[in-house]
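Working notes for the structure below.
As the structure is a computational prediction, the values presented were derived from the model and not from experiment.
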Amino acid sequence: NFCILPKLVAKSSAMLEPLAAKICLDDLHEKGLKVTHFVTDRCASIRKVVEDFNKAYGTSIKVCYDIWHYIRVVKRDLLKFSKLKQGMCIKPWIKSIVTMLWSCLQRCRGDEQNLKERHGSIPKHIQDIHSFPENKSFKSCEHPELLEQEKGYLEVDS
């Protein structure tokens, strides 16, 4: 379902998206269609619309964030951190971290536990730790033996 609104119906363009989301949810509810998930770009106002809808109608729609926006925010935060003195060591790893995030999301095959373990292995991976016996499903990196990294591995606890 989608909704196209003219700019005139809201005080600002930022208010258009949550208004359209509310109209779509109301329309789907009136048609008797059950919504279980609502995917958004991490927009707090959309999350609020869904929370209000859940309260008003006794539903339990889960708000999910699309992957592209999630990774974009992580990359932005890493770049920002890498400009600080204590974050300079992460700068050479940012591209690899982004690649590993995409890999985690592609290879977990919908298994939430596996995704969490893959995601949690990223800081270990850049410290040259590739085995995770404490994990339940993702026990080790799937890549072949790595040669010494030009960018240098990070120290444990750095």
Margin query: Is there a side-chain contact between Phe38 and Arg47 in this structure, where contact means two heavy atoms from C-beta onward sitting under 4.5 Å apart?
Written below: no

Next item on the list: Determine, stepwise, if the pair Ile67 / Tyr70 fulfils side chain to side chain contact (heavy atoms under 4.5 Å, CB included).
Entry: CA-CA 5 Å; Ile67 296 165; Tyr70 167 72; 5.5 Å; no

Next item on the list: Would you name the heavy atoms of Leu154 and Cys89 that are closest together and state the gap between them?
Entry: CD2-O, 3.5 Å

Checklist line | Heavy-atom closest contact (Cys108 atom, Asn114 atom, distance) | finding: CA-OD1, 3.4 Å

Can you measure from [atom1] ([X]) to [atom2] ([Y]) and round to the nearest 0.5 angstrom?
{"X": "Ile126", "Y": "Ile94", "atom1": "CD1", "atom2": "CD1", "value": "10.0 Å"}
{"X": "Tyr65", "Y": "Cys43", "atom1": "OH", "atom2": "SG", "value": "9.0 Å"}
{"X": "Ser82", "Y": "Ile90", "atom1": "OG", "atom2": "CD1", "value": "8.5 Å"}

Next item on the list: Give a yes or no answer on whether the side chain of Asn54 reaches the backbone of Ile61 with a donor-acceptor pair at less than 3.5 Å.
Entry: yes

Check: Checking Trp93 side chain against Gly152 main chain: does a donor-acceptor pair fall under 3.5 Å?
Finding: yes

Margin query: Once you measure the plane-to-plane angle for Phe132 and Phe138, does it fall in the parallel (<30°), tilted (30-60°) or perpendicular (>60°) bin?
Written below: parallel

Margin query: Can you see whether Ser137 engages Glu117 through a side-chain donor-acceptor pair at a distance of less than 3.5 angstrom?
Written below: yes

Take a 6.0 Å sphere around [atom1] of [X] and say whether it holds more than 12 heavy atoms from other residues, nucleotides or ligands.
{"X": "Glu112", "atom1": "CD", "value": "no"}
{"X": "Lys139", "atom1": "NZ", "value": "yes"}
{"X": "Lys116", "atom1": "NZ", "value": "no"}

Next item on the list: Mind checking side-chain hydrogen bond (donor to acceptor under 3.5 Å, both in side chains) for Glu51 and listing every partner two or more places apart, or none if nothing turns up?
Entry: none

Margin query: Checking Tyr57 now: which residues fulfil side-chain hydrogen bond (donor to acceptor under 3.5 Å, both in side chains) with it, not counting sequence neighbours?
Written below: none

For residues 97-106, run the donor-acceptor check on the side chains, cut-off 3.5 Å, and write out each pair with its distance to 0.1 Å, sequence neighbours left out.
residue : atom : partner : partner atom : Å
Thr99   : OG1  : Lys95   : O            : 3.0
Ser103  : OG   : Arg107  : NE           : 3.2

Name every donor-acceptor pair, under 3.5 Å, that has one atom in a side chain of residues 17-29 and the other anywhere in the protein, sequence neighbours excluded.
residue : atom : partner : partner atom : Å
Lys22   : NZ   : Asp26   : OD2          : 2.8
Asp27   : OD2  : Asn1    : ND2          : 3.1
Asp27   : OD2  : Lys31   : NZ           : 3.1

Item checked: Identified side-chain contact (heavy atoms from CB on, under 4.5 Å) counterpart of Lys75 within the set Asp77, Leu78, Leu79 -> Leu79

Item checked: With His130, the side-chain hydrogen bond (donor to acceptor under 3.5 Å, both in side chains) member among Glu142, His143, Lys124 -> His143

Note to self: Going by side chain to side chain donor-acceptor pair (under 3.5 Å), name the pairs with one or both residues in residues 35-45, residues two or more places apart or in two chains.
What the structure shows: none

Next item on the list: Taking ring pair (Phe, Tyr, Trp, His ring centres under 6.0 Å) as the test, write out the residues that go with His69, two or more places apart.
Entry: none

